[in-house]
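Please read the structure below before turning to the comments.
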Amino acid sequence: MSDLEQRPTHAEDLNDQMRQRREKLQKLRDANINPYPYSFDVTHFAQPILDAFQDGMSDTVAIAGRVMTIRNMGKASFFHLQDSSGRIQVYVRKDDLGDAAYQAFKLYDIGDIVGVKGFTFRTKMGEISVHAQSLELLAKSLRPIPVAKEQEVDGKKVVYDAFSDREMRYRQRYVDLFVNPDVRDVFRKRSKMISSIRAFLDARGYLEVETPILQPIYGGASARPFTTHYNALDATFFLRIANELYLKRLIVGGFDGVYEFAKNFRNEGMSRFHNPEFTMLEFYVAYKDYIWMMETTEQLLSTVATAVNGSTTVRVGDHEIDLAPPYRRLSMAEAIKEHTGKDIEGKSEAELRQIARELSLHLDANIGSGKIIDEIFGEFVEARLIQPTFITDYPIEMSPLTKKHRSKAGLVERFELIVAGKELCNAYSELNDALDQRERLEEQAKLRARGDDEAMSLDEDFLRALEYGMPPTAGIGIGIDRLAMLLLGQDSIRDVLFFPQMKPE
RNA sequence: GAGCAUAUAGCUCAGUCGGUAGAGCAUCUCACUUUUAAUGAGAGGGUCGAUGGUUCGAGUCCAUCUAUGCUCACCA
């Protein structure tokens, strides 16, 4: 064995199984077999073979994939081969392959990637299989893989010893994916979800765009950013926390509708619901308002749910949630009244503070009235909104980028869609009054001076764009990871992200 | 950032009162040409997360640290 093959890839010792696999690799090379050939002509996939098989008929097939089980019976063997579509059993006989090839097959391991040419048949025990006429190693696997055994009990699959350690599943997602079929399904559906959203927006003529991730001024949301240094400019840059201000610039530029699936970055803690980088769909449509956006959101979500699950209903815990329109619409004041009995409409900051006290809600002394209302809502209402509910008409202080309400003083034309007690969407009639926008951002600057490090910065170029004139516009942000959790029945954001953020090993 | 829990073989897990480290699967050897949690016989495999401490003796008790999970806080 060469020096190279004895060398661990990391500074870790080879365990016995890893050593044995490397020895087999060398034996294969000694037998003049290339364990890493260049290609293989695949003609069929496992699941379609199973679906199409009819007794009395036999197809000639060439399939490729990963060996997942081996049952060796001396001069004949069975193994399961897993490809992107599923698993199929392969039957191998020494008589068919010849001595040398069967000898080589004995050096295969669970986890190896192989190609099989043969014909389909049904075994005595009734399993549709491929009878191998030739067999080719396509890639030798050097690490033992977790082997989960399955047994059918009363038609249900029971899995034994599943690869279930969450840390290892996330750190080695590649293993998680080939070992756990349910995980593959989740990510296929996530992909389906995104493509159906894209199809929905494309069908309406909106333009998919890309905007800067590295930004000299961050804005469009209230959050702490990741900071970096741009060497060539010797300047501080930020990873975007939102793309809102750039998309609005594009509306100023004359596009009627733009959208972007944006990776955003927020320098905050991680949790079941938060990953520091996450995906948000934002889209903006000229000449529309937030009422229109509510209808569009209803259509979008019901369309996407049907595309992904074939139904508008999803189960979350004990609740059956129905995404079929229409969704309940409730102003924030109405929602608070419904769940606390308190009327917050037209109340001063002192009065709101009194209401909060009556509700035994402890508040920071320096927060303003908008924030107080938000706290009351967050504490007593949000988690109780299970069926999709549009909460509308937010206090102006909390919404510096939103147009003033057409009829209600002190409020703005904004809605959030709450589903299963979580915010899923946030949308406005976008503020296009450049002078009002300047005042609002100056207000934010004062908050920042008071110590609110999540208050927005004043972006002069954005204001300049608005001064040229932006049409009335409706805009929305939809948390794609949250939507994936909802539609895919996952209770942790890590289970809908291929590579969730982890501390270094 | 705070609290609680977890960390033992490649995987999934036991390990009692502190006294030489266990199982199933996986791996290796032998047998077996339609098996399927294949079967039968045998074998190997461990820095018990890390570092200190208590003790004649620590997987086990104590402390600190690391990672992960859950809850809370911040947020989407």
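Each chain gets a letter, A, B and so on, in the order its sequence line appears, and its residues count up from 1. None of the values given here were measured: they were computed from a predicted structure.
Both cation-pi conditions hold for A/Arg414 and A/Tyr394: the charged atom is under 6.0 angstrom from the six-membered ring centre and inside a 45 degree cone around its axis. Cation-pi check for A/Lys422 over A/Phe273 is met; the charged atom lies under 6.0 angstrom from the ring centroid and within 45 degrees of its normal.
Using a 4.0 Å cut-off on heavy atoms, the residues of residues 411-427 of chain A that approach RNA chain B are A/Glu423, listed by number. Residues from residues 162-187 of chain A lying near RNA chain B, meaning a heavy-atom separation below 4.0 Å, are A/Ala162, A/Phe163, A/Ser164, A/Asp165, A/Arg166, A/Glu167, A/Met168, A/Tyr170, A/Arg171 in numerical order. Scanning residues 86-107 of chain A for heavy-atom distances under 4.0 Å to RNA chain B yields A/Gln89, A/Tyr91, A/Arg93, A/Asp95.
Evaluation of the salt bridge (Lys or Arg N to Asp or Glu O under 4.0 Å) test over residues 111-128 of chain A, restricted to residues two or more places apart or in two chains, returns A/Asp55-A/Arg122, A/Asp112-A/Lys140. Sorted by first and then second residue, the pairs that involve residues 479-504 of chain A and meet ring pair (Phe, Tyr, Trp, His ring centres under 6.0 Å), not counting sequence neighbours, are A/Phe187-A/Phe498. Residue pairs that meet the side-chain hydrogen bond (donor to acceptor under 3.5 Å, both in side chains) test with at least one member in residues 368-384 of chain A, sequence neighbours left out, are A/Ser369-A/Glu397. Sorted by first then second residue, the salt bridge (Lys or Arg N to Asp or Glu O under 4.0 Å) pairs that include residues 88-108 of chain A, not counting sequence neighbours, are A/Arg93-A/Asp96, A/Lys94-A/Asp99.
Taking atom C1' on both nucleotides, B/C13 is separated from B/A26 by 14 Å, rounded to a whole Å. The separation of B/A14 from B/U8, taken at their P atoms, amounts to 11 Å, rounded to a whole angstrom. Rounded to a whole angstrom, the distance from the C1' atom of B/C4 to that of B/G46 is 30 Å. To the nearest whole angstrom, the two P atoms, one in B/G52 and one in B/G15, are 28 Å apart. Rounded to whole Å, the C1' atom of B/C25 lies 26 Å from the corresponding atom of B/U20. Taking atom P in both B/A2 and B/A58, the straight-line distance is 33 Å, to the nearest Å. With C1' as the reference atom, B/C30 and B/G24 are 22 Å apart, rounded to whole Å. B/A63 and B/U16: their C1' atoms are spaced 25 Å apart (whole Å).
Spacing between atom CZ of A/Arg266 and atom C1' of B/C74 amounts to 12 Å, rounded to whole angstrom units. In this structure, NZ of A/Lys75 is placed 12 Å from P of B/C30, rounded to the nearest angstrom. Atom CE in A/Met68 sits roughly 15 Å away from atom P in B/C11 (whole-Å rounding). Regarding A/Met18, its CE atom lies at a distance of 17 Å from the C1' atom of B/C28, rounded to whole Å. In this structure, A/Arg272 atom CZ and B/A76 atom P are separated by 17 Å, rounded to whole Å.
The aromatic rings of A/Phe121 and A/Tyr91 lie tilted to each other, with the angle between the two planes from 30° to 60°. Under the 30°/60° scheme for interplanar angles, the aromatic rings of A/Tyr259 and A/Phe261 are found to stand perpendicular. Ring geometry, A/Phe283 versus A/Tyr206: the interplanar angle falls under 30°, so the pair is classed parallel (tilted spans 30 to 60°).
Remark: the A/Ser77 side chain and the B/U33 base include no donor-acceptor N/O pair separated by less than 3.5 Å.
Defined by atom type and a distance below 3.5 Å, a donor-acceptor pair is missing between the side-chain atoms of A/Arg240 and A/Gln215. Side-chain atoms of A/Gln501 and A/Asn275 include no donor-acceptor pair closer than 3.5 Å. A donor-acceptor contact under 3.5 angstrom links the side chains of A/Glu413 and A/Ser429, judged on distance only. For the 3.5 Å distance criterion, the side chains of A/Ser85 and A/Gln47 fail to qualify, holding no donor opposite an acceptor. Between the side chains of A/Arg169 and A/Ser164, not a single donor N or O lies within less than 3.5 Å of an accepting N or O. With 3.5 Å as the limit, one finds a donor-acceptor pair spanning the side chains of A/Gln26 and A/Asp30.
Residue A/Asp491 is classed as having no contact, given no heavy-atom separation below 4.0 Å to the nucleic acid. Within 4.0 Å of A/His131, counting heavy atoms only, lies no atom of the nucleic acid at all. In this structure, A/Met280 reaches neither bases nor backbone, as no heavy-atom distance under 4.0 Å exists between it and the strands shown. Backbone-only contact: A/Lys371 has heavy atoms under 4.0 Å from sugar-phosphate atoms and none from a base.
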Is there any protein nitrogen or oxygen under 3.5 Å from a nitrogen or oxygen in nucleotides 2-9 of chain B, and what are the pairs?
none

Could you write out each protein N or O paired with an N or O of nucleotides 22-26 of chain B at a distance under 3.5 Å?
residue	atom	partner	partner atom	Å
B/G24	N2	A/Asp161	OD2	2.8
B/C25	O3'	A/Lys149	NZ	3.2
B/A26	OP1	A/Lys149	NZ	2.9
B/A26	N3	A/Gln17	NE2	3.1

**Item:** A/Phe380 and A/His339: CA distance, side-chain angles, deciding distance, ring-ring contact (aromatic ring centres under 6.0 Å, His included) verdict
**Value:** CA-CA 7 Å; A/Phe380 298 101; A/His339 285 90; 9.9 Å; no

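The residue among A/Arg71 and A/Ser222 whose nearest nucleotide of RNA chain B is located toward the 5' end is A/Arg71. If A/Lys503 and A/Thr69 are placed on RNA chain B by their nearest nucleotide, the residue sitting closer to the 5' end is A/Thr69.
Stacking here means ring centres nearer than 5.5 Å and ring planes tilted less than 30 degrees, and by that measure A/Phe78 does not stack onto B/A38.
Side-chain proximity of A/Met125 to B/U36, B/U34, B/C32: nearest is B/U36. For A/Phe278, whose side chain is taken as the heavy atoms from C-beta onward, the closest listed nucleotide among B/A76, B/U34, B/U71 is B/A76. With distances taken from any side-chain atom of A/Thr123 to the nucleotides B/U35, B/U33, B/U68, the minimum falls on B/U35. Side chain of A/Arg494, nearest nucleotide from B/U33, B/C70, B/U34: B/C70. For A/Glu268, counting side-chain heavy atoms from C-beta on, the closest listed nucleotide (B/U36, B/A76, B/C28) is B/A76.
The ring-ring contact (aromatic ring centres under 6.0 Å, His included) check on A/Phe200 picks up nothing, with sequence neighbours excluded. Shown here are the side chain to side chain contact (heavy atoms under 4.5 Å, CB included) partners of A/Arg272, two or more places apart in sequence or in another chain: A/Asp491, A/Ser492.
In summary, the aromatic rings of A/Tyr290 and A/Tyr428 are positioned with their centroids too far apart to meet the 6.0 Å limit.
Contact annotation: A/Arg122 does not reach the phosphate of B/U34 (side-chain N/O to OP1 or OP2, under 4.0 Å).
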**Prompt:** Could you spell out the base pairing of RNA chain B in dot-bracket, with Watson-Crick or G-U pairs whose two distances are under 3.5 Å, [ ] crossing and | to another strand?
**Reply:** (((((((..((((.....[..)))).(((((.......))))).....(((((..]....))))))))))))....

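Between A/Ile49 and A/Asp59, every side-chain heavy-atom pair lies at or beyond the 4.5 Å cut-off. The shortest side-chain heavy-atom distance between A/Ile391 and A/Arg329 does not fall under the 4.5 Å cut-off.
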